[in-house]
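For reference, the structure is listed below as structure tokens.
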Number of protein chains: 2
Amino acid sequence: MTTRPDSTTEEPDIGAGTDADAAGRPHTGRRRNEQVRRAILDAVMRLLARADGSPVTVDTIAKEAGVGKQTIYRWWPSKGAVFLDALTDHAVTVVPDADTGTLAHDLEIVIGASYTGAVAPQTAPVLTTLVREAAHDPHLAAMMRDFTAVRRAALHAVLERARARGELAEDADVELMVDQVYGVLWYRLLVGHAPLDETVANRLAATLTAGNAPKESTT
Amino acid sequence: MTTRPDSTTEEPDIGAGTDADAAGRPHTGRRRNEQVRRAILDAVMRLLARADGSPVTVDTIAKEAGVGKQTIYRWWPSKGAVFLDALTDHAVTVVPDADTGTLAHDLEIVIGASYTGAVAPQTAPVLTTLVREAAHDPHLAAMMRDFTAVRRAALHAVLERARARGELAEDADVELMVDQVYGVLWYRLLVGHAPLDETVANRLAATLTAGNAPKESTT
DNA sequence: GATTGTCGAGACTCAGAGTCTCGTCAAGGG
DNA sequence: CCCTTGACGAGACTCTGAGTCTCGACAATC
């Protein structure tokens, strides 16, 4: 029975135990090779970026990275976890918390960033594959919810701020507005029948603003 | 090599060849047993409706229906196809093409019907499982697109009619509005973090109407 | 009663996720 | 210096589930 260093149940949390374990024991034996971690993560992105829908299996990842399969499972609990780690490692984790003073403009920035970030050639295939994997991996599904929660929270903040400024109706359903934005994002990302660019983002920002404006207001 | 009667590539199309094949040959031999078809479809719905997330495999379907596995594959090209057939067979195929004269009201009807229909206890688990299967079955994914296209078209018609009446801005993005409605539907259906009822439907109908109203108009 | 095709049953192939073991290699500690 | 600990590559292995193949029984029609 292999004793996984720390992340038995949840996140990998690699790179932290470079010197000593979280516990007192000073971690004897050979150290974790950071280059191997990088090789695996890079291999995942490389395989996922391949336009042809060639299946990205654990074996192909191991082969592409020049790594043993066990090395992967030593640090990540499942294939999906590797995918998600590769994505978060690669993606710009900076979520723009726009605060320009106008709801419409704030929305344009946040929605625009989300949309263009999602359809970027390096991330789009990763996201779709991730959803595919999450479909039959509850563990990964939970991790994806955490991943998306950050961006949802940013949008939520923008909307609540606007409500405080009086730019939103008192009874506006902020949760529904957030779902409209990300519902459209995932829907179009997965089905791919319509674009997901700044034009769409701006249009959505405008109609969302107009549709949830306070009563008896022209702007 | 078994010769599938007709549906080698696409839809099952069962029950049609009761007397003679589409071709001239009068179909000798033992006939298709309609009760077996029913038993399979019912078994799928029964298994899918089970609240516990017990995996619905082809073997369990065959066992539940008291049927041989080959009998399933004789009439459906894949497991997903059986699921979809069970759904369309069960679901009310009548899509309400509301035409009350007001956009807001029309939307309430169409969106409300879609939302409540989707979360009905008998259909919700079927839909989510279907999407899960479609995630790694392109053939099923195509069938699902056909399935959803009908409802999308109904909503599209309502919106275009409203535009003709002058209830929508000339440059309103009808496609985006449709995606907002169904984006929210699938998003909430799959993540399950927020309700999908008439209240939400009415709220969405109202904000969609207000957000896409023609310029210089109060209503 | 011969032919054609359905049915239930179950063995089978194939793919992919995850596990186990082994021989090797790097970093300490004594 | 060498011994222990744990990382690593390699590859065999188990397990699950989709889809195929074959078989014997049976029903309909000629």
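Every chain is numbered from 1, with letters handed out A, B, ... down the list of sequences. Remember, predicted model here, so these are calculated numbers, not experimental data.
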Would you indicate which nucleotide in [options] comes nearest to any side-chain atom of [X]?
X       : options                : result
B:Arg31 : D:dC8, C:dC20, D:dT29  : D:dT29
A:Pro55 : C:dC7, C:dG16, D:dA18  : C:dG16
A:Arg30 : D:dT20, D:dA25, D:dC8  : D:dC8
B:Arg74 : C:dG18, D:dT20, C:dC7  : C:dC7
A:Lys79 : C:dC20, C:dG18, D:dG19 : C:dG18
A:Tyr73 : D:dG17, C:dG18, D:dT20 : C:dG18

Figure out the [atom1]/[atom2] separation between [X] and [N], and round it to whole Å.
X        : N      : atom1 : atom2 : value
A:Ile61  : D:dC8  : CD1   : P     : 16 Å
A:Asn33  : C:dT24 : CG    : C1'   : 15 Å
B:Asp59  : D:dT20 : CG    : C1'   : 13 Å
A:Ile72  : D:dA10 : CD1   : C1'   : 13 Å
B:Gln70  : D:dC26 : CD    : P     : 19 Å
A:Glu133 : C:dG16 : CD    : P     : 11 Å
B:Gln35  : C:dG8  : CD    : C1'   : 15 Å
B:Lys63  : C:dG10 : NZ    : C1'   : 10 Å

Got a donor-acceptor contact below 3.5 angstrom from the B:Tyr182 side chain to the B:Ser114 backbone?
-> no
Polar side-chain contact B:Lys69-D:dG19 base: donor and acceptor under 3.5 Å | yes
For B:Gly29 and for A:Thr71, find the nucleotide of DNA chain D with the closest heavy atom, then tell me which residue's nucleotide is more 5'.
-> A:Thr71
Does B:Arg37 make a cation-pi contact with B:Trp75, if we ask for NZ or CZ under 6.0 Å from the ring centre and within 45° of the axis?
-> no
Specify the closest pair of heavy atoms between [X] and [Y], including all atoms of both residues, with the distance to one decimal.
X        : Y        : value
B:Arg161 : B:Ala98  : NH2-O, 2.7 Å
A:Ala157 : A:Asp97  : CB-OD1, 4.4 Å
B:Met144 : B:Ala134 : SD-CB, 4.4 Å

If each of B:Gly66 and A:Thr57 is mapped to the nucleotide of DNA chain C with the nearest heavy atom, which maps nearer the 5' terminus, i.e. the 5' end?
-> B:Gly66
Give a yes/no on whether any side-chain N or O of B:Arg32 is located under 4.0 angstrom from OP1 or OP2 of D:dA28.
-> no
Just to confirm, is there a sub-4.0 Å distance from OP1 or OP2 of D:dC8 to any side-chain nitrogen or oxygen of A:Trp75?
-> yes
